[in-house]
Amino acid sequence: MIDVRVLRDDPDVIRAAQKRRGESDAIVDSLIGAEERRRSSIGTYEALRAEQKQLGKLIPRAEGEQKQQLLAQTKELSDRVKAAEATQAAAAAELDDLLRALPNLASPEAPAGGEDDFVTLEEVGTPRDFAAEGFQPRDHLELGQMLGAFDVERGAKVSGARFYYLTGVGAQLEMALTNMAMTRASEWGFTPMIPPALVKPRAMEGTGFLGQAADDVYYLPKDDLYLVGTSEVPLAAYHSDEILDAEQMPLRYAAFSPCFRREAGSYGKDTRGIFRVHWFDKVEMFIYTTLEASYAQHEQLLAWEKQWLDALELPYRVIDVAAGDLGASAIRKFDCEAWIPAQGKYREVSSASNCTQFQARRLDIRVRGEHGTVPAATLNGTLVAMPRTIIAILENHQLANGSVRVPAALRPYLQDRDVIEPLS
RNA sequence: GGAGGUGUCGCAUAGUGGCCUAGUGCGCCCGCCUGCUAAGCGGGUUGAGGAUGAAACCUCUCGCGGGUUCAAAUCCCGCCACCUCCGCCA
């Protein structure tokens, strides 16, 4: 949710941001109209209500005929107050609905356009030349089967397409990555968290996932609860309805949680292996700070993500995601894409978003500082999403015989093994 | 799942239809007093919105949402959270 004052003071900023996203700016005029109706209806209601309160004070002191007259007068006024209040509430709700439908204002620095209009900021590391090494790289599914790292057939048997079991060394890899990520994160000043993966509508709506992304979200109607697609949701809602102390900023949390995604509309896309799945585990970083500090925190978040991929010795590139592909909450987003040898391309493994005050306004999270109490800024970034990271490790560090070299930084978390071997 | 209880300002409490414009104590902030500290004295101390050049000012906020009434912290209904007990359960 954006600041209503921008509507009055500088609506062209909103129009420009909508255009960068490739979306219609017609909503801006609706917003302006709704905002005016809200203000005028508040004025009407409050004037009537003040009159009602004044008269009400006279009643207990009045006697006889005068009292009867006052009662008749206030009774009539009471109906008008009720009507004015209803009008005012409806106008406020209309404005709120429109405001919540509007995505965050895409940063002028975010490239304009859609999914393909990203800008590559840098490429780190060099993809291996398997031809020069004299063998054809296997893809992650083949490697996973040789190593006994996961089982997609039985995943489909038990839960359906896009489900899997992590098995043997695959399960161990997830635990190792989790422990390594949590260790790193706490060294960086993040509080480790294990949050609930089922949340109320407020949390899901407040983080901006019930807009265009709603089709991708699992919902349990019997309990009116949502399965989170990322622990960004319970972490953002963690401090909802709270006023935080500016001195304590930034607050940093790193959460391990399962993530559930319906993947609606992705039929036939990435169907092989465990690249695109309905459930996976992830360690997510989340930061509460002030708007002013958020830009630097965003860079810092990206720096940590890069440090993580460096530690895993994976080649990757960083892209500046285009405005149309930001999602509702972010003004700017950097994705890290690891090189996937069998696909011959870079694929997203992590993402860092600055949501500025968008989520905090919806969830009513404020920061009290020297210059008053203002909405907090929130940022989120992936530290490690399990299946894709496991894919990247297996494919990039594979050896000719199907073994996989364990990157040095991960070895302490994997029984000091330097290589994982095929089953037989 | 069943039965009962509780929910008021940062904390603790008072308040059972109209002088509640929510009192008091503690904590916190400012000032006075004071070798220093404490005590004492005086003042301030929820949040949101509207109005204004800025104020004064006005409205809302007693877990949340409805209702009754001229008038609701107070009465009624629904929901939520917490506590106690029973059942079930990892």
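All values below come from the heavy atoms of this structure, side chains included, with hydrogens, waters and symmetry mates left out. None of the values given here were measured: they were computed from a predicted structure. Below, read A as the first sequence line, B as the second, and so on, with proteins coming before strands; counting in each chain starts at 1.
In this structure, A/Arg8 reaches the sugar-phosphate backbone alone: every heavy-atom distance under 4.0 Å involves primed, P, OP1 or OP2 atoms, never a base. Among the atoms of the strands shown, none is found under 4.0 Å from any heavy atom of A/Arg202. Here A/Gly43 lies out of heavy-atom contact (under 4.0 Å) with every strand. Among the protein residues, A/Gln52 comes within range of the sugar-phosphate backbone only, with heavy atoms under 4.0 Å from sugar or phosphate atoms but none that close to a base.
The gap from the C1' atom of B/C62 to that of B/G47 amounts to 13 Å, rounded to the nearest Å. B/G42 sits 27 Å from B/C57 when the C1' atoms are compared, rounded to a whole Å. Taking atom C1' on both B/G63 and B/U74, the two are 16 Å apart, rounded to the nearest angstrom. Taking the C1' atom of each, B/G67 and B/A54 are spaced 42 Å apart, rounded to whole Å. Comparing the same atom, C1', in B/U45 and in B/C26 gives a spacing of 13 Å after rounding to whole Å. To the nearest whole angstrom, the two P atoms, one in B/G4 and one in B/A71, are 33 Å apart. With C1' as the reference atom, B/C80 and B/U13 are 24 Å apart, rounded to whole Å. Comparing the P positions of B/U6 and B/G15 gives an interatomic distance of 14 Å, to the nearest angstrom.
For the pair A/Arg368 and B/G47, the criterion of a side-chain N or O lying under 4.0 Å from OP1 or OP2 is met. For A/Arg366, a side-chain nitrogen or oxygen approaches OP1 or OP2 of B/A48 to under 4.0 Å. Taking only side-chain nitrogens and oxygens, A/Thr373 never comes nearer than 4.0 Å to OP1 or OP2 of B/G47. Side-chain nitrogen and oxygen atoms of A/Arg49 include none within less than 4.0 Å of the OP1 or OP2 phosphate oxygen of B/C58.
Less than 6.0 angstrom separates the ring centroid of A/Tyr226 from the ring centroid of A/Tyr219. Close placement of the A/His239 and A/Tyr253 rings is indicated, their centers lying within 6.0 Å of each other.
A/Glu232 places none of its side-chain heavy atoms less than 4.5 Å from the side chain of A/Leu235. The shortest side-chain heavy-atom distance between A/Ser240 and A/Asp364 does not fall under the 4.5 Å cut-off.
Nearer to the 5' terminus of RNA chain B, by closest-nucleotide assignment, is the contact made by A/Ala50 (compared with the other of A/Ala50 and A/Ser78). Each of A/Glu76 and A/Lys53 was matched to the nucleotide of RNA chain B holding its nearest heavy atom; the match closer to the 5' end belongs to A/Lys53.
A straight line from CG of A/Asp79 to P of B/U68 spans 10 Å, rounded to a whole angstrom. Taking atom CD1 of residue A/Ile42 and atom C1' of nucleotide B/G49, one finds them 6 Å apart after rounding to whole Å. When rounded to the nearest whole Å, the span between NZ of A/Lys200 and C1' of B/A81 equals 8 Å. As a whole-Å value, the separation of A/Glu51 CD from B/C60 C1' is 18 Å. Note: CD (A/Glu85) to P (B/A71) measures 11 Å, nearest angstrom. Between A/Leu244 atom CG and B/G47 atom C1' the separation is 15 Å, expressed in whole Å. A/Leu55 has its CG atom 14 Å from the P atom of B/C70, to the nearest Å. Separating the CG atom of A/Asp364 from the P atom of B/U61 is a distance of 17 Å, rounded to the nearest angstrom.
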* Please assess A/Thr289 against A/Gln297 for the test side-chain hydrogen bond (donor to acceptor under 3.5 Å, both in side chains), listing each intermediate value before the final yes or no. => CA-CA 8 Å; A/Thr289 186; A/Gln297 290 294 316; 5.2 Å; no

* Is there a side-chain hydrogen bond (donor to acceptor under 3.5 Å, both in side chains) between A/Gln359 and A/Thr207 once you walk through the steps? -> CA-CA 5 Å; A/Gln359 296 175 330; A/Thr207 36; 5.2 Å; no

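Pair assignment for B/C62: none, as no Watson-Crick or G-U wobble contacts are both less than 3.5 Å. Nucleotide B/A72 has no partner under the Watson-Crick or G-U criteria, as no pair reaches both atom distances under 3.5 Å. Base pairing annotation: B/G17 forms no Watson-Crick or G-U wobble pair, as no partner gives both donor-acceptor distances under 3.5 Å. In this entry B/A12 has B/U24 as its Watson-Crick or G-U wobble partner, both defining distances falling under 3.5 Å. Base pairing of B/A56 is not made with any nucleotide, judged by Watson-Crick or G-U wobble geometry with both donor-acceptor distances under 3.5 Å. B/A81 and B/U6 make up a base pair, with Watson-Crick or G-U wobble contacts both under 3.5 Å. Across all strands shown, B/G31 is found opposite B/C41 as a Watson-Crick or G-U wobble partner, with both distances under 3.5 Å.
Classified by interplanar angle (parallel below 30°, tilted 30° to 60°, perpendicular above 60°), the ring pair A/His298/A/Phe334 is parallel. Between A/His140 and A/Phe150, the angle of the ring planes lies from 30° to 60°, which puts this pair in the tilted group.
Of the candidates B/G47, B/C58, B/C80, B/C58 carries the atom nearest the A/Glu46 side chain, counting heavy atoms from C-beta on.
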